[in-house]
There are 2 protein chains.
Amino acid sequence: MTEQRNTALRTALAYHQAWTSKDLDRAMSYIAQGIVCDAPAGRIDGAVAYREFMTPFVEILLDAKLIAAFGDEETAVVVYDTATVPVPSAPAAECVTVQNGKITYSRFIFDRAPFQAARQQPSESASSDA
Amino acid sequence: MTEQRNTALRTALAYHQAWTSKDLDRAMSYIAQGIVCDAPAGRIDGAVAYREFMTPFVEILLDAKLIAAFGDEETAVVVYDTATVPVPSAPAAECVTVQNGKITYSRFIFDRAPFQAARQQPSESASSDA
């Protein structure tokens, strides 16, 4: 496998490793200023808005486990599971476009339903998941 | 790229092509009898239950567009967008394990929120998305 072959995957994994380590500054170093992210709640335009979108999620993140990661020169897909304060298992997939080592586009897929349900039952959010 | 390299991807794409063509019989020919699928609403065990899970979704499917697909010998990830009667855009990701040409495990990720919202507003389900 040549170095060029998995350029996008290397960037996507470096980004993933950074934000799942709660290092948002390092994570943002892999995000293009003009990033466009299509997330479940709608489109996010630009790095400032993207960081605002990621910040509260990183704050509630307890653990992340990589499930699969593939990529080629300019596209990568990273699938992972997250444990967060309100939701014990919230798998997600990110399909990203990478140009010059920065993520310029992200299609972000996860299920909002358990987060919405947890918000409607705030008293359970800090208890065990039993 | 050798034939063996993308065995899982070939099966995942053949399955994808079949169900998005609403050919559930052909789609099920790529599903192992003992499939385990971790879907947003919980675990689905076995081909009979899996077909029951897919049937109503295929019935409301209007269109599907492949976004990305990658794989190796035994794992593949397929990312796509769907248009359905209640929800005009519902992207999803499937991360599958393939053994002997059949999908034995599927991690299925999509956002249930717009489907739940549509169910709460049944009068809008057949109107335009304006």
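In what follows, chains carry the letters A, B, and so on, assigned in the order in which the sequence lines appear, proteins first and then strands, with residues in each chain numbered from 1.
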**OP:** Could you look at Ile67(A) and say if it's the side chain, the backbone, both or neither that has a heavy atom under 4.5 Å from chain B?
**Re:** side chain
Subject >> Validation row: Ile109(A), Asp111(B) side chains within 4.5 angstrom (heavy atoms) >> reply: no
Would [X] end up clustered with [Y] when hydrophobic side chains under 4.5 Å apart are linked, directly or stepwise?
| X | Y | answer |
| --- | --- | --- |
| Val48(B) | Val36(B) | no |
| Val79(A) | Val87(A) | no |
| Tyr50(A) | Val98(A) | yes |

Original post:
Which bit of Asp81(B) comes within less than 4.5 Å of chain A, counting heavy atoms only: side chain, backbone, both or neither?
Top reply: side chain
**OP:** Quick one: which of Ala92(A), Ala68(A), Ala93(A), Pro91(A) has the most heavy-atom pairs under 4.5 Å with chain B, could you say?
**Re:** Pro91(A)
**OP:** Supply the atom-to-atom distance Phe70(A) CZ to Thr75(B) OG1, rounded to the nearest 0.5 angstrom.
**Re:** 5.5 Å
**OP:** Drop me the distance from Tyr80(A)'s OH to Cys95(B)'s SG, to the nearest 0.5 angstrom.
**Re:** 13.5 Å
Original post:
More than 12 non-hydrogen atoms from neighbouring residues, nucleotides or ligands closer than 6.0 Å to NZ on Lys22(A), yes or no?
Top reply: yes
**OP:** Count the heavy atoms belonging to other residues, nucleotides or ligands that lie under 6.0 Å from CD of Gln116(A), then report whether that count exceeds 12.
**Re:** yes
